[in-house]
S.K.: 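After the structure tokens below, expect a handful of questions from me.
In what follows, chains are A, B, ... by sequence order, proteins preceding strands, each numbered from 1.
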Protein chains: 2
Amino acid sequence: MATLLDVARAAGVSKATASRALQRPELVAETTRLRVQEAADRLGFHPNAAARALTTGRTGLIGLIVPTLSNPFFAPLVMGAQQAAEETESHLLIAVSEYHAQREAALADRLSEQADGLIMVTPVGTDTALRERFRRRPLVLVDRQVGRLPAVVADTAAGLTELLDHLLAQGHRDIAYVSGPADSWADEQRRTALAAQASAAGARVHVLGPLPPTFDAGIEASRALPDDATAVLAYNSYLTLGLLHGLGAAGRRVPEDVSLAAADDLSTLSATTPPVTALDVPLQEAGALAVTRLHELLDGHRRTVTSRLPAAPVLRASTAPPRGRR
Amino acid sequence: MATLLDVARAAGVSKATASRALQRPELVAETTRLRVQEAADRLGFHPNAAARALTTGRTGLIGLIVPTLSNPFFAPLVMGAQQAAEETESHLLIAVSEYHAQREAALADRLSEQADGLIMVTPVGTDTALRERFRRRPLVLVDRQVGRLPAVVADTAAGLTELLDHLLAQGHRDIAYVSGPADSWADEQRRTALAAQASAAGARVHVLGPLPPTFDAGIEASRALPDDATAVLAYNSYLTLGLLHGLGAAGRRVPEDVSLAAADDLSTLSATTPPVTALDVPLQEAGALAVTRLHELLDGHRRTVTSRLPAAPVLRASTAPPRGRR
DNA sequence: TTGTACGCGTTATCAG
DNA sequence: CTGATAACGCGTACAA
């Protein structure tokens, strides 16, 4: 590989000038800049990442920890992050925690050694561990809020609120919320928001769970729904698909007998019969934004904001007014 | 961060000895080794990756390019690779090509600058480009074979052959194969194998496609199936799900009217009605093996083997003898 | 505007 | 078995 010294020689300048010509063009005479640039191009020069990292103290690597990749839910998030990383000349070091707090901690430690900072999607795991981690390394949380730590969250609670408004307007008064993992931060936000909103409107939200966010758990849940519930909201798409399946098997029709909606929107939800109302979570933006936030941190911005992204309901055929109201 | 020099001082030895004590313990007296180890632990020493990379010429990073993450098909592959990487103290630099050859090339170039080697899952893209790339950097292909380049492939052609045997034994004589993307290497292997096998057995394989490997394309395909086909094999799970849906909508029952099977096995295939026969592709092993192969390359093994992994049929309720034979 | 010289943290070479 | 010391390739004060 051609080194900076090679380029410098070829251009008839010193290493220092060559370096400046490429990194800080404004500090160098236009003619020499051109000469160096030409030499670099001709030799196919690429600055050695390790050497640069050694002097600058920056690796240009961003650690990204996600709970799983088996749920395509996270794909857009990763894509968004990757695109943002590309634009900032950085790379993504991706690791999968499998919803396992201990494993997640180990991965985070490992990644910290190589990465400038971390982005973590960590629905489970303790606040204090995250706080502690943030003190050592720049860290941006996704879909999770811990004190004033920098975070990017999709406001699914607000989205569900909006959705509940819609259901209330349609005449629903008894709504079931099938919740997700016990320690999910987002889930708690939602339950709180829904409960407040329902009681204000003289309606009732029946909470089922906590449950693992799986198809099978959805089938189980379909058997445990309260009799008077005319609409069901579920923590995620898998639970929702399970519910749809379970309801169908039990002879309860959607939306005639019961309305159904999900708090996230996997593409399959639009291909079921009926297509299922869901919250459109802007995951790609979230991923990109997390990278941006992280770079801000790395550049010394001390303002740690948490960005809220809107999660708007996408109304499909699975939600309709309850029986009495048609 | 504590540096090697700090450790050396704390242990009362030179940098050199400290380094040896940690990296090549056998070259050092047991007592000093202990002293150094203790000092390192106490100071929480972690070797600086950049510095190490600079001297050794190895970054410990492995580039992994996959076509997409939206298809959970690739999740186990990534997991397998990640676990293998962990065991060898290396990290995964993951990038998503989105089945886009040009984008893939750009990503590979970018990754090459940081990574010791590349693992590419590249169903599309030209042979010559891959050959050229291999000459510059260690490269392992997954699910794709190009000359003698190191590769890890799941033998889905053999698996389909086995499956076809089963169908033939059940009495099927006219079988449709719904094929995937036009330039898919694996797809071509399968068509060839199936055709040979069928004609040898006096049966016929009707090829549909090429098609995009999507749910919607599966629905389309269900309308274009030859009337005499009593069994349908499909390129992947999405096409299969589409076919199942389309057949159902057209009033054709699986497996009573037509048998159905997929050449890969997404978990949803076991949750449909009926559950669908599929090829169990050992993706996790493939991912792990790719990492192992790459490390061999990096360690100078010049033997470039291509590993074939067995893809065995998992028989489920979607395949049964054709009408006449029951 | 350009060049010299040093430091980043580690591993490897070569004496001792 | 251990200790100096020289790389590795780059960025950047500092000097010219």
S.K.: Without decimals, in angstroms, what is the distance between Leu22(B) CG and dG9(C) P?
M.R.: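 Whole-Å distance recorded here is 16 Å.
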S.K.: Quick check: any donor-acceptor pair below 3.5 Å linking the side-chain of Lys15(B) to the base of dT10(C)?
M.R.: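 Answer is yes: a donor-acceptor pair is held.
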S.K.: Between the opening five pairs and the closing five pairs of the helix from dT1(C)-dA16(D) to dG16(C)-dC1(D), how far apart are the helix axes, to 10°?
M.R.: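 Computed angle between terminal axes is 40°.
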S.K.: Report, as yes or no, whether the 6.0 Å neighbourhood of atom CD on Gln102(A) holds more than 12 heavy atoms from other residues, nucleotides or ligands.
M.R.: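 No, CD of Gln102(A) has 12 or fewer neighbouring heavy atoms, counting only those of other groups under 6.0 Å.
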S.K.: State whether Arg42(B) and Asp6(B) are salt-bridged, where the test is any N-O pair (Lys NZ or Arg NE/NH1/NH2 against Asp/Glu carboxylate O) under 4.0 Å.
M.R.: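 No salt bridge links Arg42(B) with Asp6(B).
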S.K.: Closest to the Leu54(B) side chain: dT10(C), dT2(C), dG9(C)?
M.R.: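 When the side chain of Leu54(B) is considered, dG9(C) is the closest of dT10(C), dT2(C), dG9(C).
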S.K.: Mind checking which nucleotides bracket the chain A contacts on DNA chain D, 5' to 3', with an atom under 4.0 Å from a heavy atom?
M.R.: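 For DNA chain D, the relevant span reads dG9(D) to dA13(D).
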S.K.: Looking at Thr55(B), does any N or O in its side chain come under 4.0 Å of the phosphate oxygens OP1/OP2 on dA12(C)?
M.R.: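 So the side chain of Thr55(B) is outside the cut-off, no N or O lying under 4.0 Å from OP1 or OP2 of dA12(C).
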S.K.: Between CZ of Arg103(A) and CD of Glu98(A), what distance do you get to the nearest 0.5 Å?
M.R.: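 Arg103(A) atom CZ to Glu98(A) atom CD measures 5.0 Å (nearest 0.5 Å).
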S.K.: Would the distance check show the side chain of Asp116(A) and the main-chain N or O of Arg58(A) forming a donor-acceptor pair, the cut-off being under 3.5 Å?
M.R.: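 No, because the side chain of Asp116(A) does not come within donor-acceptor range (under 3.5 Å) of the backbone of Arg58(A).
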S.K.: Which pair of heavy atoms, one from Ser90(B) and one from His295(B), lies closest together, and at what distance?
M.R.: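 Smallest heavy-atom distance, with atoms named: OG-CE1, 3.4 Å.
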S.K.: To the nearest Å, how far apart are Asn48(B) CG and dG7(C) C1'?
M.R.: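 Checked: the CG to C1' distance equals 13 Å.
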S.K.: In whole angstroms, how far is the C1' atom of dT11(C) from the CZ atom of Arg20(B)?
M.R.: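 Roughly 10 Å, once rounded to whole Å.
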S.K.: Using a 4.0 Å heavy-atom cut-off, does Leu4(A) contact any base of the nucleic acid, only the sugar-phosphate backbone, or nothing at all?
M.R.: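 Sugar-phosphate: the residue Leu4(A), judged by heavy atoms under 4.0 Å, touches backbone atoms but no base.
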S.K.: What integer distance in Å separates Arg24(A):CZ from dT1(C):P?
M.R.: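 Between P of dT1(C) and CZ of Arg24(A): 13 Å.
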S.K.: Would Arg137(B) and Asp109(B) pass as an ion pair if we require N to O under 4.0 Å?
M.R.: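 So Arg137(B) does not pair with Asp109(B) through a salt bridge.
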S.K.: Do NZ/NE/NH1/NH2 and the carboxylate oxygens of Arg35(A) and Glu38(A) come within less than 4.0 Å?
M.R.: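 Between Glu38(A) and Arg35(A) there is no salt bridge, as every charged N stays at least 4.0 Å from the carboxylate O atoms.
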S.K.: Would you indicate what Thr56(B) reaches in the nucleic acid, counting non-hydrogen atoms under 4.0 angstrom: base, sugar-phosphate, or nothing?
M.R.: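 The answer is sugar-phosphate, as Thr56(B) gets under 4.0 Å only of primed atoms, P, OP1 or OP2.
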S.K.: Applying a 4.0 Å non-hydrogen cut-off, can you work out what Ala29(B) is touching in the nucleic acid: base, sugar-phosphate, or nothing?
M.R.: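 Counting heavy atoms under 4.0 Å across all strands, the contact made by Ala29(B) is with sugar-phosphate only.
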S.K.: To the nearest 0.5 angstrom, please state how far the CG atom of Leu77(B) sits from the CG atom of Leu64(B).
M.R.: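 Separation between the atoms: 6.5 Å.
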S.K.: Measure the distance from CG on Leu43(B) to C1' on dG9(C) and round it to the nearest whole Å.
M.R.: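 Rounding to the nearest Å, CG of Leu43(B) and C1' of dG9(C) are 15 Å apart.
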S.K.: Between Gln145(B) and Val153(B), is there a donor-acceptor pair closer than 3.5 Å when you use the side chain of the first and the backbone of the second?
M.R.: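 Such a contact is absent between Gln145(B) side chain and Val153(B) backbone.
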